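Would you mind keeping the following structure in view while I ask a few things?
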2 protein chains.
Amino acid sequence: MRSNDLSEIRKLDLFKDMQDESYDTLMRGAYVQNFPPQVELITEGEFCDFLYILVEGSVELVGEWNDSETTMAIIQPVSTFILAAAVKDAPCLMSARTLEKSRLVFLPSTDVRAGIEADNAFARAVVEDLAKCYRGVIKNAKGLKLRTSIERLANYLLKHQKKAGGAARFQLAIEKRRLASYLGMTPENLSRAIKSLRPYGVVIDGAQVEIADNADLTVLAKPTPLIDDSQM
Amino acid sequence: MRSNDLSEIRKLDLFKDMQDESYDTLMRGAYVQNFPPQVELITEGEFCDFLYILVEGSVELVGEWNDSETTMAIIQPVSTFILAAAVKDAPCLMSARTLEKSRLVFLPSTDVRAGIEADNAFARAVVEDLAKCYRGVIKNAKGLKLRTSIERLANYLLKHQKKAGGAARFQLAIEKRRLASYLGMTPENLSRAIKSLRPYGVVIDGAQVEIADNADLTVLAKPTPLIDDSQM
DNA sequence: GAAAAACCTTGATCTAAATCAAGTTGTCGA
DNA sequence: TCGACAACTTGATTTAGATCAAGGTTTTTC
């Protein structure tokens, strides 16, 4: 494993308070692998024997039912995913596939569970992380049930503008069809939703987003930390 | 606190593996309170200083946005709720209100966090519980994004038939308007959705549900443990 | 036990969003 | 650089579900 990867991983909230000894033990069983785009890393319904850490690239988590699928989340580096399935030793509820060329670290989930047992600081970090994930999905579900698709799009744009540094112009990190699926709409409807934000000063050309005045957009979006803040 | 309540609580997955000592310490700070129906126990957005345990009655968790609200979950005894907000010491993402006369136990969340630190078995149980909650919401979100409201209703009925013992007749545990909100539809639409299940052998009269042949309903519902199983 | 309130149902209408069907633009590999 | 393929857009149409407006029940309250 690259030493740079290792130090990035160590900085993650999940690992940063671990004792050196248990961290080393955990990482001893880890291995790294590179993948091309569009590789299915995890298949929904199968048990997965690893906690995954995305070090470079991006990964999509999708839910499936009745021959259709929906994007549940898009993972950006550096972060872990499927922690819940790993600690419970349960079948994965989502498939995972690489969107770009990606580098991943695999931690055997038995080692993760052993780490929880051996190191209380790690156990507490897992608690924190799961609580955060749980709250993230609750926010998502609130958005789905309480907002229209245009409102979801407007809030997505405001949130990612902030994440991209707050400038009036920024790039969409993902393809539009995936954004549509993530927001719970069709690609056709996303196109139309984007058009309907024109009067609020939003222009999207390719991946380039421009928000003329985000106060205007905020009037429509009505963001609230209880749905839109990913840091709490 | 009634000794019967105490022993029921001790049996919960969250507490059953705790050391006696840390369990006793945790329960020393606990207190019980009875509430009439329709009492707001928790207000969305406020910090909440307790982990709640519902011992008797029922409690609704609702999400709010832009002057409308949606039922996110309905808690039946004996179970805990808002564990995530309690361990994170973060503002609640949902309000909670009693639906019936209810008895609740309050555990100060500082004591819960202390318990996690002091007792690794408890920390692991919290991990398990949060992972289960997380997976529950993921399943919910999958249902919302991948199914129509009629399909959600059909699966709800099959799931609760099983929970009620599997007989052809059983009672709805909650009012229809709340069921509608929980399933992400209006009361009017729930009425119509119920009618549309008539050809699949479903008759609902008041709170009484009858499913003539649940194989018929299963054809429509297409349940899968990856969405509908609450025990994994 | 009657009046009031809350809940549920039904029908009519409207709206958000999906689907279908072409085009158009953009990307990538030979 | 061209051709092929995938992604995106646009318009027309359909459909799922919301809203509006009455009624009809059941439950609560006095």
Side-chain angles (χ1 to χ4, degrees), chain A residues 36-38 58 60 65-71 74 97 99-101 143-156 171-199 202-209 220-221, chain B residues 36-38 58 60 65-71 74 97-101 143-156 171-198 202-209 220-221:
Chain A
Q38 302 301 332
S58 60
E60 179 183 31
W65 185 72
N66 195 30
D67 296 323
S68 63
E69 63 169 57
T70 185
T71 300
I74 288 175
R97 79 168 69 99
L99 292 179
E100 325 164 45
K101 205 164 166 303
L144 286 168
K145 292 182 81 177
L146 293 166
R147 286 174 171 164
T148 65
S149 55
I150 292 174
E151 289 163 342
R152 290 197 295 276
L153 171 61
N155 280 293
Y156 179 92
Q171 299 289 119
L172 289 177
I174 55 173
E175 283 173 302
K176 285 189 187 144
R177 68 202 190 95
R178 273 176 238 283
L179 176 57
S181 177
Y182 174 69
L183 293 174
M185 56 176 131
T186 58
E188 293 96 321
N189 247 317
L190 175 59
S191 270
R192 288 185 266 263
I194 288 170
K195 264 194 180 173
S196 72
L197 293 183
R198 193 64 266 277
V202 176
V203 177
I204 304 184
D205 179 34
Q208 164 97 4
V209 181
L220 172 74
Chain B
Q38 302 300 332
S58 60
E60 178 184 31
W65 184 72
N66 196 30
D67 296 321
S68 64
E69 62 169 57
T70 185
T71 300
I74 288 175
R97 77 168 69 100
T98 56
L99 292 178
E100 323 163 47
K101 205 165 165 302
L144 286 169
K145 292 181 82 176
L146 292 165
R147 288 174 171 164
T148 65
S149 55
I150 292 173
E151 289 163 343
R152 289 196 295 276
L153 171 62
N155 280 293
Y156 179 91
Q171 300 288 119
L172 289 177
I174 56 173
E175 284 174 300
K176 286 190 185 142
R177 69 201 190 96
R178 272 174 239 283
L179 176 57
S181 177
Y182 174 68
L183 294 174
M185 55 177 131
T186 58
E188 293 96 321
N189 248 318
L190 175 59
S191 271
R192 289 185 265 263
I194 288 170
K195 266 195 181 173
S196 73
L197 293 183
R198 195 62 266 277
V202 175
V203 177
I204 304 185
D205 178 35
Q208 164 96 6
V209 181
L220 172 74

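Letters go in sequence order (proteins before strands), and every chain restarts at 1. As the structure is a prediction and not an experimental result, all values here were calculated from the model.
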*Any side-chain N or O of B:Lys195 less than 4.0 Å from the OP1 or OP2 oxygen of C:dT10?*
yes
*Take atom CG of A:Asp205 as the centre, draw a 6.0 Å sphere, and report whether it contains more than 12 heavy atoms from other residues, nucleotides or ligands.*
no
*Separation between CD1 of A:Ile174 and CG of A:Leu99, rounded to the nearest 0.5 Å*: 8.0 Å
*Whole-Å distance between C:dA6 C1' and B:Gln38 CD?*
11 Å
*Whole-Å distance between D:dT25 C1' and B:Ile194 CD1?*
15 Å
*Contact under 4.0 Å: B:Lys176 side-chain N or O vs D:dT26 OP1/OP2*: no
*Under 4.5 Å between any side-chain heavy atoms of A:Val203 and A:Gln208, yes or no?*
no
Which atoms of nucleotides 21-28 of chain C (N or O only) lie under 3.5 Å from a protein N or O atom, and what are those distances?
none

Identify all pairs in which a protein N or O lies below 3.5 Å from an N or O of nucleotides 13-17 of chain C, and state each distance.
{"from": "C:dA17", "atom 1": "OP1", "to": "A:Ser149", "atom 2": "N", "distance (Å)": "2.9"}
{"from": "C:dA17", "atom 1": "OP1", "to": "A:Ser149", "atom 2": "OG", "distance (Å)": "3.4"}
{"from": "C:dA17", "atom 1": "OP2", "to": "A:Ser149", "atom 2": "OG", "distance (Å)": "3.0"}

*asked:* Restricting to non-hydrogen atoms, name the atom on A:Arg152 and the atom on A:Arg147 that form the minimum distance, rounded to 0.1 Å.
replied: NH1-O, 2.8 Å
Can you give me every donor-acceptor pair (side chain of residues 182-194 of chain A, partner residue at least two apart or in another chain, under 3.5 Å) with its distance?
{"from": "A:Thr186", "atom 1": "OG1", "to": "A:Asn189", "atom 2": "N", "distance (Å)": "3.2"}

_I'd like to check B:Leu220 versus B:Ile150 (side-chain heavy atoms, cut-off strictly below 4.5 Å). Are they in contact?_
yes
*For B:Glu100 and D:dT27, give me the distance from atom CD to atom C1', rounded to whole Å.*
15 Å
*Whole angstrom is fine here: how far is it from CG in B:Leu144 over to P in D:dG17?*
11 Å
*Specify the closest pair of heavy atoms between B:Leu172 and B:Tyr156, including all atoms of both residues, with the distance to one decimal.*
CD2-CE2, 4.4 Å
_Taking every non-hydrogen atom, the tightest pair across A:Glu60 and A:Thr71_ = OE2-OG1, 2.7 Å
*Specify the separation, in whole Å, of atom CD1 of B:Ile174 and atom P of C:dC7.*
13 Å
_Without decimals, in angstroms, what is the distance between B:Leu172 CG and C:dC8 P?_
10 Å
*Distance-only donor-acceptor test, B:Arg192 side-chain atoms vs D:dT15 base atoms, 3.5 Å*: no
*Can you find a pair of side-chain heavy atoms, one from B:Thr98 and one from B:Pro36, that are under 4.5 Å apart?*
no
*Round to the nearest Å and state the distance from B:Arg198 atom CZ to C:dT10 atom P.*
13 Å
*Please state how far atom CG in B:Leu190 lies from atom P in D:dA16, giving the value in whole angstrom units.*
17 Å
